[in-house]
Amino acid sequence: MMSVTDLSADLPRHIEPTLHRLLSDRIQDARACGLGDLTHIIVVEPGDGEGDFIREADFSPFRNLLSETRFGDQGFEPPWCWHDRPEGWGWEAIHTVGNDGFAFIILVPDATGIDQALLAML
């Protein structure tokens, strides 16, 4: 799991070009909206699972804290408020937290080894 919390820092050079462009765009958008300090970008990588989300961001996409349901439960809704399929990538989801504008931007590639439950939710 790659985590970008400092939106003022340069991105590593070794990032795949499509991901680099997507990250650059999201960072530019967050800064333009005045949310640079309130945005945490997570890039899911093959092999990442629920425990990685909990360690990195202290939340699970497989659990809805408001309804106390988990993925697979009747009535479960993922915690994000928006998701889409960016061209040339896999999935993107935004999970807002609190009333101050803080958000996680979660980027999930179409790649072998990505958690199948996460892909099913998206």
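Distance check: Leu11 CG to Ile41 CD1 gives 8.0 Å after rounding to the nearest 0.5 Å. The CD atom of Glu92 sits 12.0 Å away from atom CH2 of Trp80, with the distance rounded to the nearest 0.5 Å. Atoms CD1 and CH2, on Ile94 and Trp82 in that order, are 5.0 Å from each other to the nearest 0.5 Å. With rounding to the nearest 0.5 Å, the separation of CE in Met2 from CD1 in Ile15 is 4.0 Å. Residue Ile106 holds its CD1 atom at 5.5 Å from CD1 of Ile42, rounded to the nearest 0.5 Å. Residue Leu19 holds its CG atom at 9.0 Å from OG of Ser24, rounded to the nearest 0.5 Å.
Here Asp52 pairs with Arg55 in a salt bridge; the nearest charged N to carboxylate O distance falls below 4.0 Å. We find that Arg63 and Glu50 are not joined by a salt bridge, their nearest charged nitrogen and carboxylate oxygen being 4.0 Å or further apart.
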>> Please evaluate residues Phe102 and Asp37 with respect to the criterion side-chain contact (heavy atoms from CB on, under 4.5 Å), reporting the C-alpha separation (whole Å), side-chain torsions for both, the decisive distance (0.1 Å), and the verdict.
In response: CA-CA 8 Å; Phe102 184 87; Asp37 293 336; over 6 Å; no
> Under the side-chain contact (heavy atoms from CB on, under 4.5 Å) criterion, do Ser67 and Glu77 qualify, and how do the steps go?
Replying inline: CA-CA 8 Å; Ser67 65; Glu77 290 187 31; over 6 Å; no
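The main-chain N or O of Leu122 is found under 3.5 Å from a side-chain atom of His83 such that the two form a donor-acceptor pair. The closest donor-acceptor contact from the side chain of Asp73 to the backbone of Arg70 lies under 3.5 Å.
Ring pair Phe59/Phe104 is tilted by interplanar angle, where 30° to 60° counts as tilted.
When the shell of 6.0 Å around CG of Asp100 is examined, it contains more than 12 heavy atoms from other residues, nucleotides or ligands.
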